[in-house]
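Remarks on the structure that follows.
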Protein chains: 2
Amino acid sequence: MKRKVTLKQIAKELDVSISTVSKSLRDSSEISEDTRLKVQAFAKLYNYKPNLIALSLKNRKTKTIGIIIPEIVHHFFATVISGIEHVANEKGYNVIVTLSDESFDKEVINMDMLANGSIDGFIMSLSKETQLRKDFHHITEVINQGMPVVMFDRVTNDILCDKVIIDDNLAAFEAVQKLIDANFKHIALITTVDYVSVGKLRTDGYVKALKANNMEVDSNLILKIEDIDNCTEQIENLINNNKIDAVFAVNELFAVTAIKAAKKRGIIVPDDMAVIGFTDGIISKYSSPSITTVGQNGIEMGGKAAQMLIDRLETELEEEEHYKTEVIETHLVIRESTPTL
Amino acid sequence: MKRKVTLKQIAKELDVSISTVSKSLRDSSEISEDTRLKVQAFAKLYNYKPNLIALSLKNRKTKTIGIIIPEIVHHFFATVISGIEHVANEKGYNVIVTLSDESFDKEVINMDMLANGSIDGFIMSLSKETQLRKDFHHITEVINQGMPVVMFDRVTNDILCDKVIIDDNLAAFEAVQKLIDANFKHIALITTVDYVSVGKLRTDGYVKALKANNMEVDSNLILKIEDIDNCTEQIENLINNNKIDAVFAVNELFAVTAIKAAKKRGIIVPDDMAVIGFTDGIISKYSSPSITTVGQNGIEMGGKAAQMLIDRLETELEEEEHYKTEVIETHLVIRESTPTL
DNA sequence: TGTCAACACGAAAACGTTTTCGCAACCTGT
DNA sequence: ACAGGTTGCGAAAACGTTTTCGTGTTGACA
């Protein structure tokens, strides 16, 4: 159990100064080739690696990115992390992951915790509660301290910073338009409550599509779900009590639950009812029938977010107020839950 | 854009020494109530928070746990991280996540990167390639430096450290035994290649169950899959070319693919063929029919691992060679892919 | 031989903390 | 009035780096 060797120890061992050791290892021309090689050999022998914490303190850079997401047990967020991790790693950054569990308080606590020197910048997606309360003081505070923040997916206009999103409104519009094109007349919407930003945008897209085609927006066909864990009953009610020939759901879970509800009722998907979901995750791919869905590339989103953050970190120019919002392309992944359109 | 305030700045501003400020903030009795309150008020006003990097350097503790897993876009690993993050957070630790992508080299690189001061200990699950090569020098090295390591799920006997596992062998045995009890006679196994530790153990459990019941182990009914991404064809072959009335699969993907293959052939699950999978994730829950599976509680595993690591970190006693292996209970989650047993 | 540059290296500051120790100034009791 | 004990605070070391600046030794050159 040998502790990690430090410059000081090498210096002592070789009877030179710490400076000499440091310079030797960094191949400074100040040091004679003799000592340089001697030091380097010794360092290699003892497997010297500079202590990153000490470097962080000295350089005031940690080469670490902080991530705050609502939860990780959620395929989309997992893919985003994966995307972040890969480009971060490529650029020599580590990622430190914290979960808000959709709680405002945890989001704040985690942010405070990381903001005290542990990281160089944030990549985050807002918790539901934060979106509900519209309280973003913790984020502005961090930004004011000069720490860059990149938000993705669940963002807000109340904060000025770099963002990576998809065009939820457009994607929803296009998905519903597809259903309309395929001659479906009674298209239901299963969505979240309005304060969830992406839910609201997708809802708007649905409404827009109907209106653009002069179709009536029937509020009975719009189900807004608050508690995602207990959506089954509500969705069954929706399907059992209405004449519906297509469903647009704002996430995978709602989509698959709708299919199960239909199946229970003897409604065949896609013959009697078409379903389009949102997010191309595990569920859409492996459920039976597999689900046509709006694919949002989480890996790409994460990668882009990391890219933007690192760019900002590494251009010292402090070009404030030059924030960009990147829009990642979505695409409809056609599967079995829709008839060949 | 005000930089974070430091002790030094407070000291200067209040015309006292840094020591005085530090002590005041830590409520030292050495300092008069007068100055103490004055400093505290000032600190609160400027929202002083100690710099964690500086503390890490001083205390030689980062209060951060390093995680190395094969991939994160995998429900089981995501749940484990979730478990780790929650107990870590509770104890005041952060987690830094790195992915090996099943690659030995990335595993080594990530380990080296984190071992240089960034973290206090590791929680990890071996990459496939590492298991194949049986090269664990990077892990022993880290352990020898006095940094605790907790391994979970994909572990190895070649390393002495704390471990959290499930009894893969027993769980597989019991699952297969269930099938046998239900009078299935031709039970196929879809598993991974042998070097994946958990795959091997589950395979052994399958064999053991058959033998224990004096059933023949038919190698035609055992499919070992190397490339998990292209398993469909092999699984279809297995099902199409053999008389099979039940399938035991060592993961969700194989299970759902088997069901799809059966469906394609007009075989009804569970009436004509029963399926039991492994890992109670998204797929098992939402596929149709939903899949009976061996549940391994990732949250619990992660939580336990974090607990063990933190315990070891916080008992200075250095009680080496007293490593424990925790076995997390599994349980069969009965769903639609098996007849009521 | 004296001067000046080149060379090779070391001392020290800095990053932001905590903590040990020392040292004044004051107070107490005789 | 003086020994001894509090009280309140500051200096400095330490954690492990990097880097600036200084400095002593050499060699060359006039």
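A, B, ... follow the sequence lines: proteins, then strands. Residue 1 opens every chain.
- For the pair A:Leu55 CG and D:dG16 P, the interatomic distance rounds to 12 Å; values are reported in whole Å.
- The side chain of A:Ala54 has D:dT17 as its nearest neighbour among C:dT17, D:dC9, D:dT17.
- Nearest to the side chain of B:Arg60, among D:dA11, D:dC9, D:dC15, sits D:dC15.
- When rounded to the nearest whole Å, the span between CD1 of B:Ile18 and P of C:dT20 equals 17 Å.
- In terms of phosphate contacts, A:Ser22 brings a side-chain nitrogen or oxygen within less than 4.0 Å of OP1 or OP2 of D:dT18.
- Distance CD (A:Glu33) to P (C:dC7): 14 Å, rounded to an integer number of Å.
- Distance B:Leu57 CG to D:dT18 P: 13 Å, rounded to the nearest Å.
- Of the charged side-chain nitrogens involved, none lies within less than 4.0 Å of a carboxylate oxygen, so that B:Glu129 and B:Lys134 do not count as a salt-bridged pair.
- Looking at heavy-atom distances under 4.0 Å, A:Thr35 makes contact with sugar-phosphate atoms alone, never a base.
- Of the charged side-chain nitrogens involved, none lies within less than 4.0 Å of a carboxylate oxygen, so that B:Lys38 and B:Glu13 do not count as a salt-bridged pair.
- Remark: C1' of D:dA11 and CD of B:Glu30 are 13 Å apart, rounded to the nearest angstrom.
- OP1 or OP2 of C:dG16 has not a single side-chain nitrogen or oxygen of B:Thr6 nearer than 4.0 Å.
- In this entry the distance linking NZ of A:Lys8 with P of C:dA12 reads 14 Å, nearest Å.
- Across the protein-nucleic acid pair, B:Asp34 atom CG and D:dT7 atom P stand 16 Å apart, rounded to whole Å.
- Put simply, CG on B:Leu52 is 15 Å from C1' on C:dC15, counting in whole angstrom units.
- In this structure, the side chains of A:Val95 and B:Ile96 stay at 4.5 Å or more apart for every pair of heavy atoms.
- Taking the nucleotide of DNA chain D with the nearest heavy atom to each of B:Asn59 and B:Thr20, the more 5' of the two is matched to B:Thr20.
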A:Thr20 vs A:Ser17, test: side-chain hydrogen bond (donor to acceptor under 3.5 Å, both in side chains). Steps then yes/no. CA-CA 5 Å; A:Thr20 305; A:Ser17 78; 3.0 Å; yes

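- Mapping B:Pro50 and A:Ile31 onto DNA chain C by nearest heavy atom places A:Ile31 closer to the 5' end of the strand.
- When distances run from any side-chain atom of B:Lys23 to the nucleotides D:dT19, C:dT19, D:dT17, the shortest one goes to C:dT19.
- Across all strands shown, B:Lys49 has heavy atoms under 4.0 Å from sugar-phosphate atoms exclusively, and none from any base.
- Ion pairing between B:Arg154 and B:Glu107 fails under the 4.0 Å rule for side-chain N and carboxylate O.
- Here A:Arg26 does not reach the OP1 or OP2 of D:dT17: none of its side-chain N or O atoms lies under 4.0 Å away.
- Within 4.0 Å (heavy atoms only), B:Ser19 reaches at least one base atom of the nucleic acid.
- The side chain of A:Ser32 contributes an N or O atom lying less than 4.0 Å from OP1 or OP2 of C:dC9.
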